[in-house]
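One-based numbering, in listed order, for ligands and for the atoms of each.
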Amino acid sequence: MSDIEIVYLTDRSKECATRLQEKVPKVRYVSDIVPVLPDIRLVVEAASQDAARYYVPLALSAGVDVLIMSVGVFQDEEFQADTFRLAKRKGAKVFIPSGAIGGIDALCAASIEHIDEVTLTTTKPPSAFGTNSYLESKGIKASELRERTELFYGTAREAVKHFPQNINVAATISLAGIGFERTKIRIMCDPAVQTNEHHLKAKGKFGELDVVTRNVPSPRNPKTSYLAALSAISAIRKILGHSWVGI
Ligand SMILES: NC(=O)c1ccc[n+]([C@@H]2O[C@H](COP(=O)([O-])OP(=O)(O)OC[C@H]3O[C@@H](n4cnc5c(N)ncnc54)[C@H](O)[C@@H]3O)[C@@H](O)[C@H]2O)c1
């Protein structure tokens with residue numbers, strides 16, 4: 001992005017930060033963002049919920065806009081309310097990209113009117129589940145499943161508790177639509193699939209929404225969907241640019 005002069009980067013692992021700094025000429029590593037905050041237009045959190053809890057209030061308090069990837073942090077209602085209140089008080093903005101799922105723009109628009117239901121069905125291969133204490137408590141071994149099997153159906157709030165890998169998508173949908181209690185999540189394991197598939201369905205006064213996203217892993221970071229990284233880049237382009245399609 002030619003408009004951007006400098007990207008300040010911080011990471012609790014200096015080694016990771018240094019590796020990235022070597023690849024991108026505009027990146028400058030800082031051990032602490034506080035001294036550079038007055039020069040920053042946008043803080044991008046792409047690290048962890050812990051990082052969001054620390055850096056988001058820090059940036060907003062200084063009146064700097066933030067883009068948050070670890071959106072699962074907003075399952076904590078108190079943190080959510082405090083963050084949005086602080087942004088308002090300081091005249092700063094909180095940006096939450098659509099991340100690894102399509103249809104968030106339509107869900108936001110639809111939720112201006114009455115929504116009857118929002119359901120997300122996530123289908124993943126057995127390898128995506130790893131060790132999961134919820135499945136262990138139910139006596140389910142994902143690696144031994146030979147056919148498509150429902151592992152969970154319940155509220156988004158319960159889903160993020162039992163399946164933290166799904167946390168960001170469930171949180172984004174809940175925030176865009178009808179909240180963590182009314183949003184329903186179904187989690188399927190299917191040995192025949194290679195992608196992480198998200199099927200978002202909503203029904204309301206607007207009509208019906210039916211969107212399927214089949215994510216491939218990010219080439220340089222296999223535990224993250226490629227679309228999530230692309231979504232962050234697209235969001236930064238919108239925020240720093242002069243036109244905005246799909247707002
Ligand atoms: N919104 C979405 O759809 C979506 C999709 C994928 C990932 N994510 C989220 O984005 C975040 C980044 O994902 P990733 O796959 O790149 O993670 P990653 O683990 O590959 O990289 C995270 C980096 O952040 C650093 N870090 C973590 N906590 C930190 C802290 N408190 N202070 C400073 N540095 C810290 C780590 O050292 C690491 O270098 C995660 O929270 C993940 O859940 C969101």
Side-chain angles (χ1 to χ4, degrees), residues 7-24 27-34 36-37 40 42-59 66-76 79-80 83 94-105 107-108 120 122 124 128 130 132 156 159-177 180 183 185 187 195-200 211-236 238-239 246:
V7 177
Y8 294 107
L9 170 75
T10 194
D11 196 307
R12 66 182 168 201
S13 155
K14 192 173 177 192
E15 192 197 332
C16 285
T18 311
R19 238 182 293 139
L20 186 56
Q21 188 181 15
E22 282 162 5
K23 284 188 202 144
V24 190
V27 167
R28 249 185 239 169
Y29 170 75
V30 286
S31 57
D32 180 5
I33 71 163
V34 172
V36 293
L37 264 181
I40 293 178
L42 176 72
V43 167
V44 176
E45 177 282 315
S48 65
Q49 287 194 27
D50 280 352
R53 280 181 190 282
Y54 177 71
Y55 289 104
V56 168
L58 196 70
V66 288
L67 182 148
I68 302 171
M69 290 308 285
S70 304
V71 51
V73 72
F74 288 127
Q75 65 169 308
D76 175 345
F79 181 78
Q80 184 189 321
T83 300
V94 175
F95 298 106
I96 300 172
S98 50
I101 186 160
I104 297 300
D105 49 351
L107 185 57
C108 281
L120 171 75
T122 293
K124 294 185 174 185
N132 177 300
V160 298
K161 204 163 69 191
H162 300 314
F163 296 89
Q165 312 92 315
N166 226 40
I167 203 162
N168 293 302
V169 166
T172 305
I173 291 170
S174 300
L175 291 171
F180 283 87
T183 302
I185 309 280
I187 297 188
T195 55
N196 288 344
E197 181 183 296
H198 298 299
H199 187 171
L200 173 63
V211 182
V212 179
T213 313
R214 290 187 192 92
N215 283 308
V216 300
S218 176
R220 277 177 286 176
N221 185 356
K223 72 181 166 66
T224 283
S225 297
Y226 194 24
L227 187 65
L230 298 177
S231 155
I233 296 169
S234 157
I236 295 167
K238 283 176 184 164
I239 295 162

Counting non-hydrogen protein atoms only, what is the nearest one to atom 3 (O) of ligand 1? Give residue, atom name and distance. Ala100 N, 3.0 Å

Atoms of ligand 1, numbered as shown, that sit under 4.0 Å from any heavy atom of Val71: 1 (N)

Looking at His198, is its backbone amide N or carbonyl O close enough to the side chain of Thr122 to form a donor-acceptor pair, meaning the two atoms are under 3.5 Å apart? no

OG1/Thr18 to OH/Tyr29 distance, rounded to the nearest 0.5 angstrom? 7.0 Å

Is the shortest N/O to N/O distance between Asp50 and ligand 1 below 3.5 Å? no

Under 3.5 Å, side chain of Asn215 to main-chain N/O of Ala100, donor-acceptor pair present? yes

For Ala228, atoms of ligand 1 separated by under 4.0 Å from a heavy atom: 5 (C), 6 (C)

Do any nitrogen or oxygen atoms of Gly99 lie less than 3.5 angstrom from nitrogen or oxygen atoms of ligand 1? no

For the residue pair Val36 and Arg28, establish whether any side-chain heavy-atom pair is separated by less than 4.5 Å. no

Between Ser48 and ligand 1, which residue portion shows a heavy-atom distance shorter than 4.0 Å: side chain, backbone, both, or neither? both

Tyr54 OH to Arg12 CZ distance, which is reported to the nearest 0.5 Å: 13.5 Å

Ignoring hydrogens, just give me the one of Glu15, Arg220, Met69 whose non-hydrogen atom is nearest atom 10 (O) of ligand 1. Met69

Give a yes or no on whether Arg214 atom CZ has more than 12 heavy-atom contacts from other residues, nucleotides or ligands under 6.0 Å away. no

Nearest-neighbour protein heavy atom for atom 20 (O) of ligand 1, which is reported as residue plus atom name and distance: Asn221 ND2, 3.1 Å

Does atom CZ (Phe79) have a neighbourhood of more than 12 heavy atoms from anything else shown, all under 6.0 Å? yes

Does Ile187 reach the side chain of His162, with side-chain heavy atoms less than 4.5 Å apart? no

Which protein heavy atom lies closest to atom 22 (C) of ligand 1, and at what distance to 0.1 Å? Ala47 O, 3.5 Å

Ligand 1 and Asp11, any nitrogen or oxygen pair closer than 3.5 angstrom? yes

Which part of Cys16 is near ligand 1, with near meaning a heavy atom under 4.0 Å away: side chain, backbone, both or neither? side chain

Counting only nitrogen or oxygen atoms and a 3.5 angstrom limit, does Ser70 reach ligand 1? yes

Among all protein heavy atoms in this structure, tell me which lies nearest to atom 33 (C) of ligand 1, with the distance rounded to 0.1 Å. Arg12 N, 3.1 Å

Look at atom 17 (O) of ligand 1 and say which protein heavy atom is nearest, naming residue and atom and giving the distance to 0.1 Å. Lys223 NZ, 3.6 Å

With nothing but distance in play, are any N or O atoms of Ala46 less than 3.5 Å from an N or O of ligand 1? no

Between Thr224 and ligand 1, which residue portion shows a heavy-atom distance shorter than 4.0 Å: side chain, backbone, both, or neither? side chain

Side-chain (Ser234) to main-chain (Leu230) donor-acceptor, under 3.5 angstrom: no

Has the side chain of Glu45 got a donor or acceptor atom that lies under 3.5 Å from a matching backbone atom of Met69? yes

Given Val169, Asn215, Asn168, which one has a non-hydrogen atom that is nearest to atom 8 (N) of ligand 1? Asn168

Using a 3.5 Å distance criterion without hydrogens, assess whether the side chain of Asn196 forms a donor-acceptor pair with backbone atoms of Lys124. no

List ligand 1 atoms under 4.0 Å from Ala51, heavy atoms only on the residue side. 29 (C), 30 (C), 31 (N)

